[in-house]
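Worksheet for the structure shown next.
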Amino acid sequence: MNGRMNRQRKGKFAFMFVAIIVGVFLLVALLQYLWNTLMVDIFNLKTITYWQALGLFVLSRILFGRGFGKPGGGRFRKGFPRQMEQGEDLSEEERERLREEWKRRFGGRCGF
């Protein structure tokens, strides 16, 4: 029985590995198609090859991380108290302290 479960796990792993590889190839092909049909016409740019599209895909993953549809708002919210995020349940003293911190950090560019 244990050998059968091992084969099933290996089969699932192999299937997932192949599915991920095929998915990436299809995503890059979609990126190339969209670039060549939209960006060329809209911004008068050159067409790109499949390998250039793959490079753009990798570069975007490096620059933006997982990005697409990431739940929880990304890494910038980690550890940020929910009440501070929404501005709820803050006393006037806490609000004033928050305003001063924003002024210090952003030099009055945020409308305070």
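If you're wondering where the values come from, they're calculated on a predicted model, not measured in any experiment. Excluded from the calculations below are hydrogen atoms, water molecules and symmetry mates; all remaining heavy atoms, backbone and side chain alike, are included.
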Distance, nearest 0.5 Å, that separates CD of E92 from CD of E94: 10.0 Å
Separation of M39 CE from N44 CG (nearest 0.5 Å): 11.5 Å
How long is the straight-line distance from CG of L27 back to CD1 of I20, given to the nearest 0.5 Å? 12.5 Å
Within this structure, what is the CG-CG distance for the pair N36 and L31, rounded to the nearest 0.5 Å? 9.0 Å
Single-linkage hydrophobic cluster Y33~L26, side-chain heavy atoms < 4.5 angstrom: no
According to a 4.5 Å side-chain heavy-atom criterion applied to Ile, Leu, Val, Met, Phe, Trp and Tyr, with indirect links allowed, do I42 and L56 form part of one hydrophobic cluster? yes
Taking the hydrophobic residues Ile, Leu, Val, Met, Phe, Trp and Tyr, and joining any pair whose side-chain heavy atoms are under 4.5 Å apart, which ones share a cluster with F13? none
Would you mind reporting whether Q52 and T49 have side-chain heavy atoms less than 4.5 Å apart? yes
Would you say that W35 contacts L45 through its side chain, given a criterion of any heavy-atom pair below 4.5 Å between the two side chains? yes
Considering residues at least two apart in sequence or located in another chain, which fulfil the salt bridge (charged side-chain N to carboxylate O under 4.0 Å, His left out) criterion with E101? R104, R105
When you group the ILVMFWY residues by side-chain heavy-atom contacts below 4.5 Å and let the links chain together, are F57 and W51 in the same group? yes
Grab the two heavy atoms, one from L54 and one from V28, that are nearest each other, plus how far apart they are. N-CG1, 3.5 Å
Polar side-chain atom of E100 near backbone of R97 as donor-acceptor pair, under 3.5 Å: no
Are M16 and V18 linked, directly or through intermediate hydrophobic residues, by side-chain heavy-atom contacts shorter than 4.5 Å (ILVMFWY only)? no
